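Inspection log for the structure reproduced underneath, given as structure tokens.
Keep in mind it's a predicted model, so treat the numbers as computed, not measured. Chain identifiers are assigned alphabetically (A, B, ...) following the order of the sequence lines, protein sequences preceding nucleic acid strands; residue numbering begins at 1 within each chain.
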Number of protein chains: 2
Amino acid sequence: MDPSRHADALRAAQMYYLQDLTMDAIARELRTSRSTVSRLLSSARDSGLVQVQIRNPLDTGPELEGLIRRRYGVDVHVVPVVETLNEAETLDRVAMQAARTIGPLVDSNAIIGVAWGSTLSAVSRHLTRKITHDSVIVQLNGAGNMHTTGITYASDIMRRFGSAYGARVEQFPVPAFFDHASTKTAMWNERSVQRVLALQAKMSIAIFGVGSVDADYPSHVYAGGYLDENDLNILAHSDVVGDVATVFFRADGSSDGILLNERSTGPALSELRQVRRRICVVSGVSKINGLKGALAARLATDLILDEATARRLVGLEGMATASR
Amino acid sequence: MDPSRHADALRAAQMYYLQDLTMDAIARELRTSRSTVSRLLSSARDSGLVQVQIRNPLDTGPELEGLIRRRYGVDVHVVPVVETLNEAETLDRVAMQAARTIGPLVDSNAIIGVAWGSTLSAVSRHLTRKITHDSVIVQLNGAGNMHTTGITYASDIMRRFGSAYGARVEQFPVPAFFDHASTKTAMWNERSVQRVLALQAKMSIAIFGVGSVDADYPSHVYAGGYLDENDLNILAHSDVVGDVATVFFRADGSSDGILLNERSTGPALSELRQVRRRICVVSGVSKINGLKGALAARLATDLILDEATARRLVGLEGMATASR
DNA sequence: AAGCACTATGCACAAACGTGCAGAACGGAG
DNA sequence: CTCCGTTCTGCACGTTTGTGCATAGTGCTT
């Protein structure tokens, strides 16, 4: 990219967003055409030069947010969507808003843990660029399964995060679940694995969705060939309600004694809870039970979810909007 | 204001700025007309719900900024303006950009010192609202003179700052200059004055312009009847180059032995330098000598100025733009 | 209950904006 | 120097957005 174009984009952005000039006026000052200015501005926006932030004064916000915030002790962002949208459209809009909400939280020298799944995939597609230095994106859990090594799917997510924030990407090249807990123990002593684990231990931000065992559209983990029939049976007949980064938990948030976790490659819930900022993105009411479990386990510090699910969470299904 | 209107504004802002919907689509979701949405959005913008920020990656920024930053050790924001604009238009645009640049720096519990003058007046007119708690705006120096008590002029500035940030306003009801230094000493022992001085001592942000003795358009201080003919003569025949908040200094930044300062009500330069964030706004090349003195005195940590003055500061008058 | 002052709404029009397209400018490769 | 592929530019058009104005709504006073 021509560096003088970047400088022009900066000038244009300042004049447009900070001085309220029209594109026409800016075009005259830069001696170019209005359409070029339009393009300069859009490049300024998606190169992260311009940051738009919505700061919701906590006290005046819709009571729905206040309710969730107080009950679960998380910073919550309710994404307004109409009920008539289908699952895919809702996910798309939640993902877009999530991507723009986490942007401002990312800073230089951050170590960002990222899970994978349909939610994170959608989020990764909507990230806006932001220039940071010496940041690292680290994969939270393995993505290999019986059919594929899972590399491309999860690594696409990782790569998008990396290029949006100009960060190094550290993949976690292991399966989602080992067949034998003993293999995991062995691998966990490998230096290549330990390097990733060490990074995970230093995470300042973690971003993940939740899986819910009883979701209508089963999450990737439950349908994608990551678990065999036997495992699925065991899950279905246990009191497990969901997972975060392929680590399972019960409705009360406990996870002790869940055998599958010993073969899972995701971070133990107690480790995850060490991370300063833990951002959970949820779209779709069918994930409600998994979400409740995750909140009971205090896995998230920040929660981004669609309005319908938010209402379900606090038992206000009937209300049309939060504020009247 | 109807609280549900505020909630709608928030919803609309989220959908418009974070989900990229058109106003038309938002209107359908909110069951109202598109024009109402347009108005909701503009109210969201100027109530500070929506914050637009331009983050200029320091390393890729125009070299002009880098030059000033390195030479004077200040964070600099150069406001792009064409040379053909007259003084008033330039001031207006610098002021608008300055107002929007300082917005993000203001936070809850801040104590903000504000000077007065034509520059600050212009800035105060363009402030964008931002909700903060327990912030205080404190006047840096008295504004009374021989003709008026100066209350309305300076207090308008203060009031605008106060209402933009929802902050308490503390005026400084003294003249700009005392006739006798001894009166100042006496007043400085008054409890009402000491309360203001105590606040000033705790400032976290100070915002001021500069006066320049040899400016084409003499600053308010030099023309507004604040000083009598005798004082002006003394100034003209001394080596004083300018002032900040009615405290004078020389080209090298020194201020010792300038008698007028003993009668001035502004903060001593050494006190001003204690403030963590000191924002200096300058518009117009004729202030160049005052500005150079202020920079030599290290009075500012942040400098916002128009492009022509910036070029003059580093001796690049000829260059059309910074980057080609 | 009526009157009044003020604010919010929708319409219609004008202004501002985004984008497909065709041509210009640029930058190697031969 | 010419060719070719790529990127940038301005135009033209359709879409999206801002705003003056007439009207409807709201709340307060008498």
Side-chain angles (χ1 to χ4, degrees), chain A residues 1-52 54 60 62 80 82 92-93 96-97 100 126 128-129 163 320-321 323-324, chain B residues 1-52 54 60 80 82 89 92-93 96-97 100 126 128-129 163 320-321 323-324:
Chain A
M1 155 90 67
D2 185 352
S4 94
R5 192 180 157 84
H6 210 76
D8 278 352
L10 178 63
R11 282 175 75 89
Q14 290 183 104
M15 295 196 264
Y16 190 80
Y17 289 104
L18 303 183
Q19 297 179 21
D20 281 352
L21 301 189
T22 67
M23 295 187 182
D24 225 347
I26 297 170
R28 283 193 296 275
E29 298 207 0
L30 295 185
R31 296 172 203 295
T32 179
S33 74
R34 193 187 51 71
S35 25
T36 298
V37 174
S38 170
R39 285 186 262 256
L40 280 176
L41 287 174
S42 84
S43 93
R45 276 191 300 270
D46 49 45
S47 71
L49 219 74
V50 177
Q51 300 258 99
V52 177
I54 309 254
T60 72
V82 281
D92 205 55
R93 287 172 57 170
M96 187 179 299
Q97 187 159 336
R100 301 196 182 180
H126 290 294
T128 50
R129 292 180 60 77
S163 73
T321 75
S323 60
R324 51 178 68 156
Chain B
M1 154 91 65
D2 185 353
S4 93
R5 191 180 157 83
H6 210 78
D8 278 351
L10 178 62
R11 284 175 72 91
Q14 293 182 101
M15 294 196 265
Y16 190 79
Y17 289 105
L18 303 183
Q19 296 179 22
D20 282 351
L21 302 189
T22 70
M23 295 187 182
D24 223 349
I26 297 170
R28 282 194 296 275
E29 298 205 1
L30 295 184
R31 294 173 205 293
T32 180
S33 75
R34 194 188 50 72
S35 25
T36 298
V37 174
S38 170
R39 283 186 263 256
L40 280 176
L41 287 174
S42 83
S43 93
R45 276 190 300 268
D46 49 45
S47 72
L49 219 77
V50 176
Q51 301 259 98
V52 178
I54 309 253
T60 71
V82 280
E89 290 170 320
D92 205 57
R93 287 173 58 171
M96 186 179 299
Q97 186 160 337
R100 302 197 181 179
H126 290 294
T128 50
R129 292 181 61 77
S163 73
T321 75
S323 58
R324 51 178 67 153

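One finds the CG atom of B:Asp8 at 10.0 Å from the OG1 atom of B:Thr36 (value rounded to the nearest 0.5 Å). To the nearest 0.5 Å, the span separating CZ on B:Arg34 from CG on B:Leu40 amounts to 12.5 Å. Distance check: A:Met23 CE to A:Met15 CE gives 12.0 Å after rounding to the nearest 0.5 Å. Atom NE2 in A:His126 sits 11.0 Å away from atom CZ in A:Arg93 (nearest 0.5 Å). Considering CD of B:Gln97 and CG of B:Asp92, their distance stands at 12.0 Å, rounded to 0.5 Å.
The interatomic distance linking A:His6 (NE2) with D:dC8 (C1') rounds to 17 Å, in whole Å. Rounded to a whole Å, the CZ atom of A:Arg31 is 16 Å from the P atom of D:dT9. Taking atom CG on B:Asp46 and atom P on D:dG18, their separation rounds to 12 Å, with Å as the unit. Atom P of nucleotide C:dA8 and atom CG of B:Asp8 are separated by 13 Å, given to the nearest angstrom.
Scanning both residues, A:Leu10 and A:Leu49, for their nearest heavy atoms gives CA-CD2, 3.6 Å.
A donor-acceptor contact shorter than 3.5 Å links the side chain of A:Arg129 to the backbone of A:Ser163.
Each end of the helix from C:dA1-D:dT30 to C:dG30-D:dC1 yields a helix axis from five base pairs, and these two axes differ in direction by 30° (to the nearest 10 degrees).
The side chain to side chain contact (heavy atoms under 4.5 Å, CB included) test applied to B:Tyr17 returns A:Val52, A:Ile54, B:Ala13, B:Leu41, B:Arg45, B:Val50, not counting sequence neighbours.
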Each nucleotide in nucleotides 12-24 of chain C should get exactly one letter: B, S or -. Can you fill that in based on protein heavy atoms under 4.0 Å? B---SBBBB----
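At D:dC8, none of the side-chain N or O atoms of A:Thr36 fall inside 4.0 Å of OP1 or OP2 (strictly under the cut-off).
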